[in-house]
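Below is one structure, written out as structure tokens; comments come after it.
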Amino acid sequence: MMQVEGVTTVTDADFDTEVLGAGPPVLVEFTADWCGPCRQLAPVLGAVAAEEAGRLKVVQLDVDRNPEITRRYGVLSMPTLMVFRAGEPVKSMVGARPKRRLLQELEDVLAPA
């Protein structure tokens with residue numbers, strides 16, 4: 001899986017701690033090595049992680065290596081972006097998108113600056 005600066009990799013083992021137990025909202029990208037659109041989205045997620053540091057935590061989860069969490073949230077398409085706040089999924093988006101559109105879609109779930 002492509003490692004992106006500012007984006008943490010999470011697994012079945014640490015998902016509950018890293019995502020559900022996090023303070024700020026968390027954007028989880030459900031991704032896979034074979035997924036082309038996921039590669040397109042990587043630099044966008046890196047940029048969002050940098051711009052929104054402190055207001056949003058950005059992580060990625062490899063669906064092939066972490067079937068438990070993938071099943072738990074019913075993720076079927078890659079990339080799926082899911083926002084968690086206070087341990088609950090509050091938003092879900094499927095597919096790559098440009099940074100500006102992603103930031104617009106995240107506006108209502110970001111922690112106040």
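Remember, it's a predicted structure, so these values are computed and weren't measured experimentally.
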- Query: Honestly curious: do W34 and V75 fall in one hydrophobic cluster under the side-chain, below-4.5 Å linking rule?
  - Reply: yes

- Counting heavy atoms not belonging to E5, are there more than 12 under 6.0 Å from its CD? no

- Residue pair T9, D62: steps toward the side-chain contact (heavy atoms from CB on, under 4.5 Å) verdict: CA-CA 8 Å; T9 299; D62 184 312; 6.0 Å; no

- Counting only N and O atoms by type, is there a donor-acceptor contact under 3.5 Å from the side chain of N66 to the main-chain atoms of I69? no

- Heavy-atom pair with the smallest gap, counting every atom of D14 and T11: OD1-N, 2.8 Å

- Task: Take L81 and R97 through the side-chain contact (heavy atoms from CB on, under 4.5 Å) test and state the conclusion after the steps.
- Result: CA-CA 10 Å; L81 297 169; R97 57 231 321 114; 4.0 Å; yes

- Backbone N/O of T8 and side chain of K57: donor-acceptor pair under 3.5 Å: no

- L41 versus A96, closest heavy-atom pair with distance: CD1-CA, 4.0 Å

- Heavy-atom nearest pair, P24 first then G54, reads CB-O, 4.1 Å

- Item | Distance, nearest 0.5 Å, that separates CD of E51 from CG of L103 | 5.5 Å

- What pair of heavy atoms forms the shortest contact from A32 to V63, and how long is it? CB-CG2, 3.9 Å

- Item | pair R71-D12: side-chain heavy atoms closer than 4.5 Å | no

- Please check if L61 and V94 belong to a single hydrophobic cluster, counting links between Ile, Leu, Val, Met, Phe, Trp and Tyr side chain heavy atoms closer than 4.5 Å. no

- Message: Using 0.5 Å steps for rounding, measure from the CD atom of E29 to the CE atom of M93.
- Response: 11.0 Å

- Is the closest side-chain heavy-atom distance between Y73 and T80 below 4.5 Å? no

- Spacing of CE belonging to M78 relative to OG1 belonging to T70, to within rounding of 0.5 Å: 6.5 Å

- Query: Within the side chain of R39, is there an N or O that forms a donor-acceptor pair under 3.5 Å with the backbone of D33?
  - Reply: yes

- Task: Kindly assign one of parallel, tilted or perpendicular to the pair F30 and F15, based on the angle between their ring planes and the thresholds 30° and 60°.
- Result: tilted

- Given the options T31, L27, V48, L45, V7 meets side chain to side chain contact (heavy atoms under 4.5 Å, CB included) only with L45

- Query: Where is the tightest heavy-atom contact between P25 and R55, given as atom of each residue plus distance?
  - Reply: CD-O, 3.3 Å

- Audit row: V58, E52, side-chain contact (heavy atoms from CB on, under 4.5 Å) steps and yes/no: CA-CA 9 Å; V58 182; E52 299 299 340; over 6 Å; no

